[in-house]
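As the structure is a prediction and not an experimental result, all values here were calculated from the model. Lettering of chains follows the sequences in order, A, B, ..., and the numbering in each one begins at 1. Excluded from the calculations below are hydrogen atoms, water molecules and symmetry mates; all remaining heavy atoms, backbone and side chain alike, are included.
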Amino acid sequence: MNSNENNIHSQVGYLNNIEGIKPFSDRIKEIGFNSLKSNPTITTLQVNVGKVCNLMCKHCHVEAGPHRTESMTKDTMSQCLSILMKNPIPILDITGGAPELNPNLSWFIKEAIKVGCHVIVRTNLTVLRQYEYTNMPEFYADNNVELVSSLPYYSEKDTDRQRGEGVFLNSIAVLSRLNELGYGQRDGSLRLNLVFNPGGAFLPPSQDTIEGDFRRILSKQYGISFNNLYTITNVPVGRFLTFLYDSKNLHRYMERLTSSFNSSTISRVMCRDQISVGWDGQLYDCDFNQMLGLNCTPAHISEFSLESFKEREILLGNHCYACTAGAGSSCGGVTSS
Amino acid sequence: METYYNPNDLSKFASMGEEAPELWELFMSYYSSVFKEGALSAREKALIALAVAHAVQCPYCIDSYTQEALEKGSNKAQMTEAIHVAAAIRGGAALVHGVQMKNIADKLSF
């Protein structure tokens, strides 16, 4: 396997043919699921507005970076807004890449708020230190945008090893600014949640325990506060899959995921409540299926109807084991206590 | 090249229950109870286990408890300090036995 970003088909084939790893669809049959269907109610439209990013994180399933050019157009954003206007989908969850690097992000957020959506932006924080985006924290606060911010560890060395040199201290500077604006206060309306993901081929710790560590250390050392911390399991897709392969950790990691399969997480996996939209308007069950090119039917936002997406059959693969290992994993953290 | 230690043997650990299943069950029940959250956190216990693994120089245990410590949220700095604790105790244990050497040498000498 190589790190070529056009290798999505080989990724799927590779993941589904690892010696000794039972296909995910067979594993869930053992607990009574002949297929996995989405819920009758869709709560979230998760929109990936592009793969352009100022960082090149080692675990990134999107393989985002400064070299990428894919970016959602205003027309496609308008199609997303049309869906949100016509259908009872209360949450718009914006991800990337770095969403801020899409030139139409602010317009998209304002229009989504006009149609009554709760807007979440998944920010890498550091981009907000760049001159062109230093006004974004105020914009987010003025529009009551919920922020979900990656910060894989509470120490500089561990964070920078995963996300790049200087990321930790830049993130701390932005978190301080967000706190000044009222973000991350216990009873405040401006929600600031952090994301922990493991710094390699191992599972995340207890979400409650590591949240306590983050809260204590970030408060004591940097005066930072936040609302919640989500632990997210690294999914063997994209750059992380390449790392697993190159470091000869793939088999061991897949065994770790499969041996930690937790049947109670199946009812709460995030794909059951959401629809994922790619930068080009293609539709998927989740951002991971998006990066693997596993389209829903219909495949494009121009053909969207809510009826087609309620109780749809979700496309499964062995990467799904990441969302069902241990306490489970989703864009909102663990799915099982 | 054949070696006495084979990483794949770790997954065969449960085969030790084949000839003595009752003892194995008792051991595993005790083992899993030891590592549960208690007066010490599960993370503290994983760090202790990692340090002991180095003290007893068990490669299987080092493999297992390196992963376990990472999965309990520890970082390499914390894990390295834990190993220094093991090293200090091992080194101290060697040194303190030097007192025996001195006692015997003194007894044998003019």
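Of the two parts of B:Ser74, only the backbone, made up of N, CA, C and O, holds a non-hydrogen atom closer than 4.5 Å to a non-hydrogen atom of chain A. Of the two parts of A:Leu203, the backbone and the side chain both hold a non-hydrogen atom closer than 4.5 Å to a non-hydrogen atom of chain B. In this structure, the portion of A:Tyr153 lying under 4.5 Å from any heavy atom of chain B is its side chain and not its backbone. In this structure, the portion of A:Pro204 lying under 4.5 Å from any heavy atom of chain B is its backbone and not its side chain. Using a 4.5 Å cut-off between heavy atoms, A:Tyr154 contacts chain B through its side chain alone, with no backbone atom that close.
Atom CD of A:Glu30 has more than 12 neighbouring heavy atoms from other residues, nucleotides or ligands inside a 6.0 Å radius. When the shell of 6.0 Å around CD1 of B:Ile89 is examined, it contains 12 or fewer heavy atoms from other residues, nucleotides or ligands. Residue-environment remark: CE (B:Met28) exceeds the threshold of 12 foreign heavy atoms within 6.0 Å. Counting heavy-atom neighbours within 6.0 Å of B:Glu81 CD, excluding the residue itself, gives a total of 12 or less. Within a 6.0 Å sphere centred on NE2 of B:His84, other residues, nucleotides and ligands contribute 12 heavy atoms or fewer.
Between A:Pro205 and B:Gly73, the shortest heavy-atom contact is CB-N, 3.5 Å. Residues B:Asn75 and A:Ser155 approach most closely at ND2-OG, 4.0 Å, considering heavy atoms.
Looking at heavy atoms from C-beta onward, A:Arg252 lies in side-chain contact with B:Gln67 at the 4.5 angstrom threshold.
Distance check, rounded to the nearest 0.5 Å: CZ of B:Arg43 to CD1 of A:Ile210 gives 5.5 Å.
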